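Keep in mind it's a predicted model, so treat the numbers as computed, not measured.
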Amino acid sequence: MRLRAVLFDMDGTLLDSAPDFIAITQAMRADRGLPPLPEKTIRDVVSGGARAMVATAFALDPQDPAFEPLRLEFLERYQSHCAVLTRPFDGIPELLQDIERARLAWGVATNKPVCYAEPIMRQLGLAERSAVLVCPDHVTNSKPDPEMLLLACQQMELDPASVLFIGDDQRDIQAGQAAGMRTAAVTWGYIHPDDHASHWGADVIVDHPLELRAVLDQALCSC
């Protein structure tokens, strides 16, 4: 089936949000008299969300009584600092232009709550260009369940088989496959050093956003 739309995961795929996460983590450590961590230490656990970043930043087990107040502080800080340093990855602006020139719809399906995702999309001027934004608030089950992707297709009135889903986590690929979509795994995102995109079973693996141009060209020619 010919390609009609492209869906992106947000963090680590469409946007490099790690700089904001890193800034918040370092600020919380500094407020407690702790030295900064190597940025890579934080970046490597971004895909695990606030829970993983707080656990790493303060060497705390989530069951520790001190953990939950730190997690809530992290989220409160992120609410007002979620789009300060976050930017599209290099090559993404050009890729979005290519998608739009091809008259394809594009959107975002992310496990990031809407209270963070919507302000980021607005701040970066992407909200008015995106055909759909689906977050955990809109569904019962988040990725790797396909519910989020199927809802996006429903909102765009498209067959999932006509959609390419792009992500930087195995959960993305699993969700895309379960939804009946074509999938692309990207290696520029927040993949843990012990994980490998080649193990996820995606239809294609790409190392730079502009490599997706060839993937789109091939998909547009298929039927």
Participant: Counting C-beta onward and ignoring hydrogens, is there a side-chain heavy-atom pair between M121 and V108 closer than 4.5 Å?
Facilitator: yes
Participant: Between T56 (side chain) and M53 (backbone), is there a donor-acceptor pair under 3.5 Å?
Facilitator: no
Participant: Can you name the closest pair of heavy atoms from S17 and D11 and give their distance?
Facilitator: OG-OD1, 2.7 Å
Participant: Hydrophobic cluster membership, with links at side-chain heavy-atom distances under 4.5 Å among I/L/V/M/F/W/Y: are V139 and V114 in one?
Facilitator: no
Participant: Hey, is the main chain of N141 close enough, under 3.5 Å, to the side chain of E147 for a donor-acceptor pair?
Facilitator: yes
Participant: Side-chain contact, heavy-atom cut-off 4.5 Å: L124 with P88?
Facilitator: yes
Participant: Can you tell me if T25 uses its side chain to pair, donor with acceptor, with the backbone of F21 under 3.5 Å?
Facilitator: yes
Participant: Between Y78 and Y116, how do the two ring planes meet: parallel, tilted or perpendicular, split at 30° and 60°?
Facilitator: tilted
Participant: Compare all side-chain heavy atoms of R29 with those of P36 and state whether any distance is below 4.5 angstrom.
Facilitator: no
Participant: Let me confirm one number: the CG-CG distance from D168 to D195, rounded to the nearest 0.5 Å.
Facilitator: 10.0 Å
Participant: Looking only at heavy atoms, what is the nearest atom pair of L149 and A179, with distance?
Facilitator: CB-CB, 4.1 Å
Participant: Would you mind reporting whether C153 and M181 have side-chain heavy atoms less than 4.5 Å apart?
Facilitator: yes
Participant: Could you state whether F89 and L7 fall into the same hydrophobic cluster, counting links through intermediate Ile, Leu, Val, Met, Phe, Trp or Tyr residues with side-chain heavy atoms under 4.5 angstrom apart?
Facilitator: no
Participant: State whether the number of non-hydrogen atoms from other residues, nucleotides or ligands found under 6.0 Å of Q26 atom CD is greater than 12.
Facilitator: yes
Participant: What's the shortest heavy-atom distance between L164 and A184, and which atoms?
Facilitator: CD1-N, 4.0 Å
Participant: Would the distance check show the side chain of D20 and the main-chain N or O of L85 forming a donor-acceptor pair, the cut-off being under 3.5 Å?
Facilitator: yes
Participant: Dump the intermediate steps for side-chain contact (heavy atoms from CB on, under 4.5 Å) on E211 and V186, then the final yes or no.
Facilitator: CA-CA 10 Å; E211 291 180 19; V186 305; over 6 Å; no
Participant: Between the side chain of Q79 and the main-chain N/O of C115, is any donor-acceptor distance below 3.5 Å?
Facilitator: yes
Participant: With clusters defined by side-chain heavy atoms of hydrophobic residues (ILVMFWY) lying less than 4.5 Å apart, directly or transitively, does I166 cluster with I205?
Facilitator: no
Participant: Using a 6.0 Å cut-off, check whether atom CD of E128 has over 12 heavy atoms from anything other than its own residue.
Facilitator: yes
Participant: How far apart are the C-alpha atoms of W200 and D169, what are their side-chain angles, what is the distance that settles it, and do they pass the side chain to side chain donor-acceptor pair (under 3.5 Å) test?
Facilitator: CA-CA 8 Å; W200 303 345; D169 191 280; over 6 Å; no
Participant: Do Y190 and I42 have side-chain heavy atoms sitting under 4.5 Å apart?
Facilitator: no
Participant: Assess whether side-chain contact (heavy atoms from CB on, under 4.5 Å) is satisfied between L34 and F58, documenting all intermediate values.
Facilitator: CA-CA 9 Å; L34 299 172; F58 298 100; 3.9 Å; yes
Participant: Starting at CG of L70, measure out to CG of L60 and round the result to the nearest 0.5 Å.
Facilitator: 6.5 Å
Participant: Quick check: closest heavy atoms across A109 and M148, and the distance to 0.1 Å?
Facilitator: C-SD, 3.8 Å
Participant: Would you indicate whether the side-chain heavy atoms of R43 and P19 approach each other to under 4.5 Å?
Facilitator: yes
Participant: Is a side-chain donor or acceptor of R32 paired with a backbone partner of M28 at a separation under 3.5 angstrom?
Facilitator: yes
Participant: Could you measure the distance from the CG atom of L96 to the CZ atom of R129? Nearest 0.5 Å is fine.
Facilitator: 5.5 Å
Participant: Please answer: with hydrophobic residues joined when any side-chain heavy atoms are less than 4.5 Å apart, are F74 and V45 in the same cluster?
Facilitator: yes
Participant: Can you list every salt bridge (Lys or Arg N to Asp or Glu O under 4.0 Å) pair that touches residues 134-146, not counting sequence neighbours?
Facilitator: D9-K143, K143-D172
Participant: Do L3 and L216 come close enough that some side-chain heavy atom pair is under 4.5 Å?
Facilitator: yes
Participant: So which atom in C135 and which in A117 form the shortest heavy-atom distance, rounded to 0.1 Å?
Facilitator: SG-CB, 3.7 Å
Participant: How many angstroms lie between atom CD of E94 and atom CZ of R101, to the nearest 0.5 angstrom?
Facilitator: 9.5 Å
Participant: Does R182 use its side chain to pair, donor to acceptor, with the backbone of F165 at less than 3.5 Å?
Facilitator: no
Participant: With a 4.5 Å cut-off on side-chain heavy atoms, are F67 and V54 touching?
Facilitator: yes
Participant: Would a distance-only check, ignoring hydrogens and angles, find a side-chain to backbone donor-acceptor pair under 3.5 Å from S162 to D159?
Facilitator: yes
Participant: Would the distance check show the side chain of Q123 and the main-chain N or O of P119 forming a donor-acceptor pair, the cut-off being under 3.5 Å?
Facilitator: no
Participant: Does G201 offer a backbone N or O that forms a donor-acceptor pair with the side chain of Q177 under 3.5 Å?
Facilitator: yes
Participant: Less than 4.0 Å between a side-chain N and a carboxylate O, is that true for R87 and D16?
Facilitator: no
Participant: Are F8 and L104 linked, directly or through intermediate hydrophobic residues, by side-chain heavy-atom contacts shorter than 4.5 Å (ILVMFWY only)?
Facilitator: yes
Participant: For the CD1 atom of I92 and the NE2 atom of H208, what is their distance to the nearest 0.5 Å?
Facilitator: 8.5 Å
Participant: Kindly give the heavy-atom pair with the smallest separation between L133 and H138, and that separation in Å.
Facilitator: O-CE1, 3.5 Å
Participant: Rounded at 0.5 Å granularity, tell me how far CD in E76 sits from CG in L72.
Facilitator: 8.5 Å
